[in-house]
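Report on the structure given below.
Here is how names work: the chains are called A, B, and so on, in the same order as the sequence lines, proteins then strands, and each is numbered from 1.
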2 protein chains.
Amino acid sequence: MLPNSSTPHTPQECNAAMRPVRDALDLLGGKWKLPIIVGLTSGPRRFKQLQREVAGITAKMLSKELKELEINGLIIRHVQADAAPVAVTYTLAAYGRTLYPVIESLRTWGQQHRRHIMHPETLEAAAGEWAAPEALSA
Amino acid sequence: MLPNSSTPHTPQECNAAMRPVRDALDLLGGKWKLPIIVGLTSGPRRFKQLQREVAGITAKMLSKELKELEINGLIIRHVQADAAPVAVTYTLAAYGRTLYPVIESLRTWGQQHRRHIMHPETLEAAAGEWAAPEALSA
DNA sequence: CACACCGGTATACTTCGGTAAACCGCTATC
DNA sequence: GATAGCGGTTTACCGAAGTATACCGGTGTG
């Protein structure tokens, strides 16, 4: 349940409650952030390796997204300058793994939504739950 | 924990696992979807009423977002054609309320992320968790 | 020598999300 | 008669997000 869902909200209160949600969405939003994170769940990856794994991402996007993820502490960039062709590896940080419950939550809902779209008969039981519209404070 | 996080992934498997996540993100992404849903948690609202409450949204965006939310069964649009100036009310569907855990999950992580940004000292303990990069399959 | 892999960057382009402002018919109010 | 509210639509525009393609210096492979 959402906190205070039964108490009156001011727009200000609503926005304050929304801010962390928007923070999270800004970090995770876009087409590629989550696929990259998931790609790193099974261990460190190198740039091209990751690009092959994420399937469809361009080098430019991968580079940009990795920078942002690193800035936010979700992944770690490790450079081996000694090796012959300088090797770069990206690792999911422990902090990045704190996202698992969030991803899991999104995934569960998304799966159930697919089922819901396929079988819309369960769409009933959604009307008449609130006071009749006439009772609205105009 | 993410399912199969220890078993090898093919890119195809990864994409299949990501699809529901992207579905959810497509529905919830953007600047306004969540604020609108939250605005409807405390009861039905009329168009202008909602526009005032969401704070900053233009009529066009509100109209567009409401359409999408309705198509996805998250909200219900109710028209009273009989009333003098045709009254329209939007109600959060029962299905829309199934999003609460997801929102809550995002909110919790977002809050903790704010704290994490403020006090980055906890950033340690993130390196050296995987095999040394040399162990990578090139 | 030519070629491919590495880790990206540069440039140019298109598409999308969102903004700003005007406008519509209708009604109620002063 | 003017003004304001309702529930939007229309048009025009902007910047961010994302795509496509070429290119860079380095190395190792045939």
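The CD-P distance, from B:Glu53 to D:dG7, rounds to 14 Å in whole Å. The separation between B:Gln49 atom CD and D:dG7 atom P is 8 Å, rounded to whole Å. A straight line from CG of B:Leu66 to C1' of D:dG7 spans 11 Å, rounded to a whole angstrom. Rounded to a whole Å, the CD atom of A:Glu68 is 13 Å from the P atom of D:dA16. Going from atom CD of B:Gln80 over to atom P of D:dC6 covers 15 Å, rounded to whole Å. Summarising the geometry, the separation between CZ on B:Arg77 and P on D:dC6 is reported as 16 Å, rounded to the nearest angstrom. Taking atom CG of residue B:Leu62 and atom P of nucleotide D:dC6, one finds them 13 Å apart after rounding to whole Å.
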Expected string for nucleotides 12-30 of chain C under the B/S/- scheme (protein heavy atoms, under 4.0 Å, primed atoms plus P, OP1, OP2 as sugar-phosphate) is B-----BBB------SS--
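With salt bridges taken as basic N to acidic carboxylate O contacts below 4.0 Å, one links A:Glu104 and A:Arg107. Under a 4.0 Å N-O distance rule, the pair B:Asp26/B:Arg22 qualifies as a salt bridge.
The side chain to side chain donor-acceptor pair (under 3.5 Å) test applied to A:Gln111 returns no partner, not counting sequence neighbours. Scored by the side chain to side chain contact (heavy atoms under 4.5 Å, CB included) test, A:Leu62 finds A:Ile36, A:Phe47, A:Leu50, A:Gln51, A:Ile57, A:Leu66 as partners (sequence neighbours excluded).
The side chain of A:Phe47 sits closest to C:dG7 out of D:dT9, C:dT9, C:dG7. Distances were taken from every side-chain heavy atom of B:Ser63 (C-beta onward) to each of C:dT9, D:dG7, D:dT9; the shortest belongs to D:dT9.
When the side-chain nitrogen and oxygen atoms of A:Arg46 are compared with OP1 and OP2 of C:dG7, one or more of them lie within a distance under 4.0 Å. Distances shown here put a side-chain N or O of A:Arg52 below 4.0 Å from the OP1 or OP2 atom of C:dC6.
Annotation for B:Lys33 and B:Leu28: closest pair CB-O, 3.8 Å, computed over non-hydrogen atoms.
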